[in-house]
Amino acid sequence: MINPIKRSAPVQDIDENELVVHEPKTAAAGIKAVTVSLDRGISQAGITRTVRSMLRVNQRGGFDCPGCAWPEPISGPRKPAEFCENGAKAIAEENTLRTVTPEFWAAHSIEELAGKTEYWLGNQGRITEPVVIREGETHYSPISWTDAFDLIGEHIRATTPDRCVFYTSGRTANETAFMYQLFARSIGTNNLPDCSNMCHESSGSALNPTIGIGKGTVSLDDMHKAELIMVVGQNPGTNHPRMLSALTECRHNGGKVVAVNPLPEAGLLKFKDPQSPGNLMRGGDQVADEFLQVKVGGDLALFQALGHLLLEEEKRSPGTVVDHDFIAARTDGFQEYREARSHLDWSETERATGLSRLEITRIAGMLARSKATIICWALGVTQQPHSVNTLREIINILLMQGNFGKPGAGACPVRGHSNVQGDRTMGIWEKPKEWLLEALDKEFGIASPRDHGVDATETLEAFMDDEVDVFVSMGGNFALACSDTEALEAGMKRAGLTVHVSTKPNRSHIVHGRTSLILPTLGRTDKDDKHPKGAQFLSVEDSMSVVKSTQGRLAPVSEHLLAEPVIIARMAQATLGDDHPVDWRAMAEDYDVIRDHISRVLPGFENFNQRIRNKNGFVLPNPPRDTRSFATDIGKGRFTVSPLEYLEAPEGHLILQTMRSHDQYNTTFYGLDDRYRGISGGRRVVLVNPEDLKDLGFADRDLVDVISTFKGTERRAEKFRLVAYPTARGCAAAYFPEANVLVHRDLVARESNTPGYKAMTVRFVPREEPQLS
């Protein structure tokens with residue numbers, strides 16, 4: 001039943017005693033996804049706002065979903081509902097008619113809000129006016145926009161650029177991101193951490209040196225044409241549900257799909273397409289032809305074994321597996337790679353992966369027969385100490401068979417947040433290339449700093465060392481997204497000024513600096529028309545390098561909201577003064593001015609204003625995909641050799657990974673129903689294989705504290721419920737961000753510095769059950 005609109009935010013917070021556990025589902029989506037989508041939208045925003053937004057989401061001339069970065073078809077018709085259940089939830093959260101007014105802040109002290117969960121905070125609604133809290137105060141209170149910007153300018157000018165940090169979430173549009181990095185560099189810092197540092201940074205660290213680009217090399221059409229797709233360390237049923245349509249289309253066209261994951265996720269098993277009556281009548285379509293239940297951290301060993309087996313098959317049938325012409329003309333290092341993979345310790349490989357030799361050999365046979373292979377991956381691969389080497393092994397497999405620059409083939413890192421890829425394209429990076437800085441200096445007459453800035457993990461360390469005076473967050477929820485939660489929050493509270501450009505309350509607003517501002521902004525669905533030339537639009541880049549326009553049409557919930565480009569411009573004016581060479585006002589008044597600047601600074605954006613008005617957008621250049629060329633330092637694709645590494649817990653411990661629930665996107669909780677895994681009502685759970693529970697002396701539903709160990713130190717997360725679940729043996733899983741407190745700040749992926757959210761060594765300590773009153 002669809003609930004009526006709920007203008008009032010929920011009073012009750014999460015009660016973990018209401019946890020309910022059912023059998024996991026074996027199929028994703030279906031009619032249930034439709035009813036949930038409608039229920040969440042109508043209950044938050046009413047019928048009119050919900051219908052108006054759903055008809056425009058991901059449509060030509062509409063707005064880009066604020067959820068994931070999965071692409072839409074470039075040509076041809078699009079589905080009437082070109083969005084998924086979680087996209088509908090994201091839109092409902094933004095469209096909500098619940099509001100957080102000055103009266104809310106007056107009624108709730110920071111001490112009270114500190115005891116609320118992210119679920120409760122986010123469900124209060126959209127923030128309507130800018131607010132401030134100063135040192136010694138207990139409540140946020142209203143502040144004018146002018147006074148807010150003056151306060152920011154005063155704090156930035158009172159310190160040095162290296163003590164200012166500018167964080168960005170993936171929700172930020174291209175034009176906004178370009179202005180934001182220009183503002184930071186105009187001040188004199190490259191301190192531009194972003195959410196990429198915590199998710200796909202390992203992908204860029206592996207791809208740039210090996211194939212010359214930090215992005216994927218496939219299109220949506222390639223997904224349909226592939227003979228084989230491997231989906232590794234990824235849960236598309238929850239995190240990118242529209243990907244399921246592409247995977248089933250591949251299978252309908254004769255392709256095969258292999259899922260590699262420690263958990264048997266519903267979306268990797270079967271897809272019930274709610275927009276296909278035939279599919280629903282069949283009970284859904286199979287997604288994966290094979291499922292490899294690899295151990296957490298065992299992917300590197302798996303791909304080394306697959307490389308070995310492919311080379312062995314090439315010996316038996318020369319010229320049938322390895323693309324020697326491609327390798328000779330376009331790659332380097334193959335001989336060293338072939339020598340390294342000539343021998344394999346199968347006993348250690350099986351121990352590392354948790355898979356049998358027979359299982360791995362069967363998948364190697366599928367790879368050997370495929371003439372067009374795509375390997376997709378997400379955070380299950382990128383958040384371990386040896387993540388970068390794991391991804392290099394994936395690239396080795398693709399290079400060996402010439403799977404670049406041909407239909408149905410390539411590398412596919414599936415980005416999570418909408419426009420997280422575009423932010424990096426626009427220059428949001430703490431380690432900018434010299435060509436970008438030179439182009440910015442030439443275009444704007446500034447002197448960009450050359451010293452590298454801090455990434456997300458280094459920002460955490462800077463907070464801990466009291467080296468942050470000003471922290472500006474363009475969206476996001478840094479306090480909950482980062483690792484070592486308790487240490488980070490303590491450091492944030494000691495900072496001089498924290499500034500949060502946000503749509504809704506979150507934890508970062510509560511663990512604020514000595515002075516803190518919350519600046520409410522427009523969302524993707526909101527109309528942005530307070531400009532001299534009328535309504536403006538923005539652009540985003542999806543996971544497959546397609547740049548497209550996005551324009552909201554709904555009336556904002558408050559007249560006091562400002563668009564992000566306007567907020568950045570006014571911060572810059574208040575900080576740098578009117579005599580600064582950059583014309584911030586012109587960019588804030590007319591976004592075409594921003595795009596003209598971008599067209600002269602960034603390769604691939606020539607004639608930006610003209611091309612972005614194409615109803616299908618445009619595709620950025622991609623040498624591996626377009627011309628089978630590789631812009632590495634040697635001008636060739638690079639084979640690499642890595643040692644065997646895997647995660648192994650000592651006696652009495654397990655390897656813990658974090659994950660999202662189905663009612664969650666990053667740190668935003670839409671609800672408390674992880675429907676596909678059969679868990680609802682609570683979030684403080686740890687999924688453990690029943691045999692591991694038995695071996696460790698625990699039982700299903702025991703209450704425990706979780707203890708992580710790293711470098712001789714321990715971290716504790718209290719009051720978690722153990723749930724028997726068919727995870728890989730020796731492995732466990734808990735929800736992000738509740739488990740982030742367990743991640744030591746030094747537990748990171750080498751080279752990328754990405755936190756090791758999929759690499760925690762943990763044990764359980766029994767906790768006394770609460771007594772019923």
Side-chain angles (χ1 to χ4, degrees), residues 148-168 172 176-194 196-197 423-424 426-476 478 482 488 491-492 494-501 512-517 519 564-565 567-584 587 597 601 753:
F149 294 127
D150 287 344
L151 185 61
I152 294 168
E154 290 170 9
H155 275 264
I156 293 176
R157 289 194 302 272
T159 187
T160 55
D162 61 297
R163 296 181 66 86
C164 299
V165 178
F166 297 86
Y167 175 72
T168 322
T172 307
T176 307
F178 185 81
M179 288 184 69
Y180 195 56
Q181 60 85 31
L182 179 63
F183 175 40
R185 291 178 173 126
S186 295
I187 290 170
T189 183
N190 285 312
N191 288 341
L192 285 159
D194 73 329
S196 286
N197 298 149
D423 283 357
R424 181 59 55 86
M426 290 294 117
I428 299 289
W429 196 26
E430 74 281 357
K431 301 183 184 104
K433 299 294 186 181
E434 178 60 26
W435 67 261
L436 171 63
L437 301 180
E438 288 180 354
L440 288 171
D441 292 353
K442 179 181 178 181
E443 177 71 12
F444 293 102
I446 63 174
S448 299
R450 263 50 182 182
D451 291 340
H452 286 175
V454 293
D455 63 19
T457 299
E458 291 163 342
T459 299
L460 156 62
E461 294 167 351
F463 272 121
M464 292 177 60
D465 295 337
D466 295 332
E467 295 175 350
V468 180
D469 288 333
V470 178
F471 177 76
V472 183
S473 182
M474 186 59 58
F478 189 74
C482 208
L488 171 61
M492 290 184 73
R494 296 192 298 270
L497 174 69
T498 51
V499 181
H500 305 279
V501 181
H512 55 76
R514 295 195 302 272
T515 298
S516 182
L517 288 164
L519 308 181
E564 287 177 334
I567 291 174
I568 296 169
R570 293 188 62 180
M571 281 196 294
Q573 289 173 308
T575 302
L576 300 167
D578 293 333
D579 58 348
H580 192 264
V582 177
D583 191 342
W584 302 101
M587 287 190 281
H597 285 304
V601 171
N753 215 29

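Looking only at distances, a side-chain donor or acceptor of Arg494 sits under 3.5 Å from a matching main-chain atom of Met464. Between the side chain of Tyr180 and the backbone N or O of Tyr167 there is at least one donor-acceptor pair closer than 3.5 Å.
No side-chain heavy atom of Met426 sits less than 4.5 Å from a side-chain heavy atom of Thr172. Under the 4.5 Å side-chain criterion, counting only non-hydrogen atoms from C-beta, Gln181 is in contact with Leu440. In this structure, Met474 and Ile568 have side chains that are in contact, with non-hydrogen atoms separated by less than 4.5 Å. At a threshold of 4.5 Å between non-hydrogen side-chain atoms, the residues Leu436 and Trp429 do not count as touching. Looking at Phe444 and His597, their side chains come closer than 4.5 Å, going by heavy atoms from C-beta outward.
Residue pairs meeting the salt bridge (charged side-chain N to carboxylate O under 4.0 Å, His left out) criterion with at least one member in residues 150-163, sequence neighbours excluded: Arg163-Asp469.
Applying the side-chain contact (heavy atoms from CB on, under 4.5 Å) rule to His452 yields the partners Lys431, Pro432; only residues at least two apart in sequence or on another chain are considered. With sequence neighbours left out, Glu430 forms a side-chain contact (heavy atoms from CB on, under 4.5 Å) with Asn197, Asp455. Annotation: side-chain contact (heavy atoms from CB on, under 4.5 Å) contacts of Ala148 (sequence neighbours excluded): Ile143, Leu517, Leu519. With sequence neighbours excluded, no residue forms a salt bridge (charged side-chain N to carboxylate O under 4.0 Å, His left out) with Glu438. Applying the side-chain contact (heavy atoms from CB on, under 4.5 Å) criterion to Ser196, with sequence neighbours excluded, gives Asp194, Glu201, Val420, Arg424.
Relative ring orientation between Phe478 and Phe463 is described as tilted, the plane-to-plane angle lying within the 30° to 60° band.
Within 6.0 Å of CG in Asp465 there are more than 12 heavy atoms belonging to other residues, nucleotides or ligands.
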